[in-house]
Visitor: 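Next up is a structure, given as structure tokens.
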Amino acid sequence: MKQKKGRVFSGARPTGRQHLGNYLGAIKNYVALQDDYECVYCIVDIHALTTMETTLALRQNTYEMALDWLAAGIRPDETIMFVQSHVPQVTELHTYLSMVTPLGKLTDLPTFKEKVRLQPQNVNYGLVGYPVLMAADIVLYRTNLVPVGIDQAPHIEFTREVVRSFNYRYQTDVLIEPEMKATETPKVIGIDGQQKMSKSLDNHIELAATPEETLQRVMMMVTDPQRMRRTDPGNPDVCNVFSFHKIFSTAEEVEMVNLECRRAGIGCVDCKRLMAKNLNESLQPFRERRSELAQNPDQVWDVLQEGAKRARAIAEETMQGVRRAIGLP
RNA sequence: AGGCCAGUAGCUCAAUUGGCAGAGCGCCUGUCUCCAAAACAGGAGGUUGUGGGUUCGAUUCCUGCCUGGCCUGCCA
């Protein structure tokens, strides 16, 4: 194993089966980072509690997500993959960090304002403190680099400020200020052709879907509304199917679709069939690994348990330094 | 802890002095299209937060509880 450049941490809420948006936006990047960094990937179930009313599906969603991550190429022998709540030290660190966090900073964050708008009936203490818990996640594992989309930039900057406040107040350098790695997250638009792909909007395509289900979803995709008839010329620039072609089809095929759509050489059905075929082919290895892994659910849980064990070792080491720095008796 | 307000379809909200619980959006189906969208037509979806009470009859009135919001007080 070659020398790694540092430690990467990233977390994602347990949303169950992952879709193309999850894959292209995050998982693909998680997999790639393993080559150069020591990676810590966390399924943040505690964070999920801030917006979830029922925890009935929590266990299943955690399992499905872990399964997808592994099938996508996370290597548990090198990478630490675990469930947030399995390392209770994070809640302790969260509490200490909360003491150096001005409330105004939290209520000013755009994500908080958005949540207040979306769920005014459930604005709880934990929701306000969400970024503090996130900071604890990152800092607990002495993270050097956090790969996130640009929308998370305020949270990483917040984390850095909290680290500086903590270190200054207790005159220590026990906490490491993480760097942000802005990932060019391609904005994956859902099959409605309008909004970002997401499970809650039901405009997604699951990685683990069967080829038939995938084709079915692809056929449901919104195309260029101007192209009413087969004989009408289309405009790939405004068609979401074309943006998927650019990801899953060969350069020649993309060129062909681009050309033939514009002069009505091919119809949307042809275009969708070709895209679905390529999509299914590129997902096939993933799907095979997934069903193989799904033969032994215990194995997935074992990976998470083992990951938690390794994570706890790092976490406890950090916390001993933290408690000492604070001056707790 | 007390006072006041609110809770109706997945979402936003209606329902006249107590009288068959509705609309818009969303969802599903059909027509139309190469598909999808749009448009049009149709359809599904409710223990009216919950337990009692009054009444021939309660979404509506009374009451206990639950949840949320605002205000006052108390404790840390």
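So you know, we letter chains A, B, ... as the sequences are listed, proteins then strands, and number each from 1.
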Visitor: What is the distance, rounded to the nearest whole Å, between atom CE of A/Met220 and atom C1' of B/rA37?
Guide: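 About 12 Å, once rounded to whole Å.
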
Visitor: Charged N to carboxylate O under 4.0 angstrom, A/Glu92 versus A/Arg323?
Guide: yes

Visitor: With a 4.0 Å cut-off on heavy atoms, is A/Asp224 in touch with a base, just the backbone sugar-phosphate, or nothing at all?
Guide: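 A/Asp224: base contact, heavy atoms under 4.0 Å.
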
Visitor: Expressed as a whole number of Å, how far does the P atom of B/rG24 sit from that of B/rC66?
Guide: 38 Å

Visitor: Please pick, from B/rC35, B/rC34, B/rA37, the nucleotide with the shortest atom-to-atom distance to any side-chain atom of A/Lys272.
Guide: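 Closest of the options to the side chain of A/Lys272: B/rC35.
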
Visitor: For B/rC11 versus B/rG46, give the span between their C1' atoms, rounded off to a whole number of Å.
Guide: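 Pairwise C1' distance, B/rC11 against B/rG46, rounds to 15 Å.
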
Visitor: Given the C1' atoms of B/rA6 and B/rU12, what is the spacing between them in whole Å?
Guide: 15 Å

Visitor: Look at A/Lys187 together with A/Asp151 and state whether they make a salt bridge at an N to O cut-off of under 4.0 Å.
Guide: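 No, A/Lys187 and A/Asp151 are not salt-bridged.
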
Visitor: Take atom CZ of A/Arg230 and atom P of B/rC32, then tell me their distance rounded to the nearest Å.
Guide: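 Those two atoms, CZ and P, are 20 Å apart.
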
Visitor: If you assign A/Asp202 and A/Met221 each to the RNA chain B nucleotide with the nearest heavy atom, which residue ends up on the more 5' nucleotide?
Guide: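 Checking each residue's closest nucleotide, the 5'-ward one belongs to A/Asp202.
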
Visitor: If I take atom CG in residue A/Asn203 and atom P in nucleotide B/rC27, what distance separates them, rounded to the nearest angstrom?
Guide: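 Going from A/Asn203 (CG) to B/rC27 (P), I get 11 Å.
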
Visitor: Regarding A/Asp68 and A/Arg17, does a basic nitrogen lie under 4.0 Å from an acidic carboxylate oxygen?
Guide: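 A salt bridge is absent here (no side-chain N lies under 4.0 Å from a carboxylate O).
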
Visitor: Taking the P atom of each, how far is B/rG43 from B/rU48, in whole Å?
Guide: 23 Å

Visitor: If I take atom CZ in residue A/Arg273 and atom P in nucleotide B/rA36, what distance separates them, rounded to the nearest angstrom?
Guide: 11 Å

Visitor: For A/Leu274 and B/rC35, give me the distance from atom CG to atom P, rounded to whole Å.
Guide: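 So the two atoms are 18 Å apart, to the nearest Å.
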
Visitor: Can you tell me the distance, in whole Å, between the CZ atom of A/Arg263 and the P atom of B/rC34?
Guide: 20 Å

Visitor: If we take the P atom in both B/rG18 and B/rG3, what is their distance in whole Å?
Guide: 26 Å

Visitor: What interatomic distance, in whole Å, is found between C1' of B/rC28 and the corresponding atom of B/rG69?
Guide: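 Per the computed distance, 36 Å lies between those C1' atoms.
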
Visitor: Would A/Lys199 and A/Glu206 pass as an ion pair if we require N to O under 4.0 Å?
Guide: no

Visitor: Would you sketch RNA chain B in dot-bracket for me? Only Watson-Crick or G-U wobble pairs with both distances under 3.5 Å count, crossing pairs as [ ], other-strand pairs as |, the rest as dots.
Guide: (((((((..((((.....[..)))).(((((.......))))).....(((((..]....))))))))))))....

Visitor: Got more than 12 heavy atoms from elsewhere within 6.0 Å of CD, A/Glu292?
Guide: no

Visitor: Could you list the residues that satisfy side-chain contact (heavy atoms from CB on, under 4.5 Å) with A/Ala12, not counting sequence neighbours?
Guide: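 Only A/Tyr30, A/Met65, A/Trp69 meet the side-chain contact (heavy atoms from CB on, under 4.5 Å) criterion with A/Ala12.
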
Visitor: Rounding to an integer number of angstrom, what distance separates B/rU72 and B/rA14 when you compare their P atoms?
Guide: 28 Å

Visitor: Can you tell me if A/Thr95 uses its side chain to pair, donor with acceptor, with the backbone of A/Thr91 under 3.5 Å?
Guide: yes

Visitor: For nucleotides B/rG2 and B/rC20, find the distance between their P atoms and express it as a whole number of Å.
Guide: 38 Å

Visitor: Going only through I, L, V, M, F, W and Y residues with side-chain contacts under 4.5 Å, is there a path from A/Met220 to A/Val241?
Guide: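 Looking at the clustering, A/Val241 is in the same group as A/Met220.
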
Visitor: When the distance from CD1 of A/Ile266 to P of B/rC35 is rounded to whole Å, what number comes out?
Guide: 15 Å

Visitor: Expressed in angstrom and rounded to an integer, what is the separation of A/Tyr125 atom OH from B/rA76 atom C1'?
Guide: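 After rounding, the gap between these two atoms is 14 Å.
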
Visitor: Measuring from the side chain of A/Met228 (C-beta onward, heavy atoms only), which nucleotide among B/rA37, B/rU33, B/rC35 has the closest atom?
Guide: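 Of B/rA37, B/rU33, B/rC35, B/rA37 is nearest to the side chain of A/Met228.
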
